[in-house]
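I have placed the structure first, in the form of structure tokens, so that the comments after it can refer back to it.
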Amino acid sequence: TGEAFRRFVGALSDSEACDVMMWAWPQVNMGRDFETLIVVLLDSNSLQNHASKNGGHGGWKGGQVANTGCPRGMECGMFDEYALI
């Protein structure tokens, strides 16, 4: 339910809640009675950090540097992700 999702997000730190809100989406006809559910994947892939092109995270100043993305000089498709070391 929406209330259960709000309780879940409310128990997280601000940065964790921000990540969950950014990556959650409604999935239609997925529930037991074909209702719409709120879905978010919380696997090891969620630990990756896309940051933003200007070095901020979600527009925050002094943010994080991306650790995944398309390496410089490489042509990548929309869903291509590489670990940037």
Side-chain angles (χ1 to χ4, degrees):
T1 66
E3 184 172 331
F5 181 73
R6 287 188 292 277
R7 276 195 319 267
F8 170 70
V9 171
L12 301 172
S13 70
D14 287 349
S15 66
E16 290 168 334
C18 181
D19 286 342
V20 166
M21 295 297 293
M22 185 183 335
W23 292 107
W25 72 93
Q27 186 71 44
V28 179
N29 297 331
M30 186 178 175
R32 188 175 343 150
D33 297 320
F34 302 102
E35 69 271 26
T36 300
L37 298 179
I38 301 169
V39 180
V40 62
L41 298 177
L42 298 174
D43 57 8
S44 59
N45 211 20
S46 64
L47 300 176
Q48 297 176 349
N49 168 15
H50 74 285
S52 68
K53 291 184 180 180
N54 66 3
H57 185 262
W60 297 346
K61 291 181 179 177
Q64 304 166 357
V65 176
N67 62 12
T68 64
C70 185
R72 291 181 197 260
M74 187 172 176
E75 208 170 300
C76 297
M78 181 158 49
F79 296 107
D80 293 337
E81 284 284 324
Y82 299 90
L84 301 175
I85 299 173

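- Here the closest heavy-atom approach between residue G2 and residue I38 is recorded as CA-CD1, 4.3 Å.
- Checked against side chain to side chain contact (heavy atoms under 4.5 Å, CB included), F8 has the following partners two or more places apart in sequence or in another chain: L12, V20, L42.
- In this view, A4 and T1, R7 satisfy the side chain to side chain contact (heavy atoms under 4.5 Å, CB included) rule, not counting sequence neighbours.
- Judged as a salt bridge (Lys or Arg N to Asp or Glu O under 4.0 Å), and not counting sequence neighbours, E75 has no contacts.
- For the side-chain hydrogen bond (donor to acceptor under 3.5 Å, both in side chains) test, no residue two or more places apart in sequence or in another chain qualifies with E35.
- Of all heavy-atom pairs spanning V9 and A17, the tightest one is CG1-CB, 3.7 Å.
- Residue pairs meeting the side chain to side chain donor-acceptor pair (under 3.5 Å) criterion with at least one member in residues 24-33, sequence neighbours excluded: W25-Q27.
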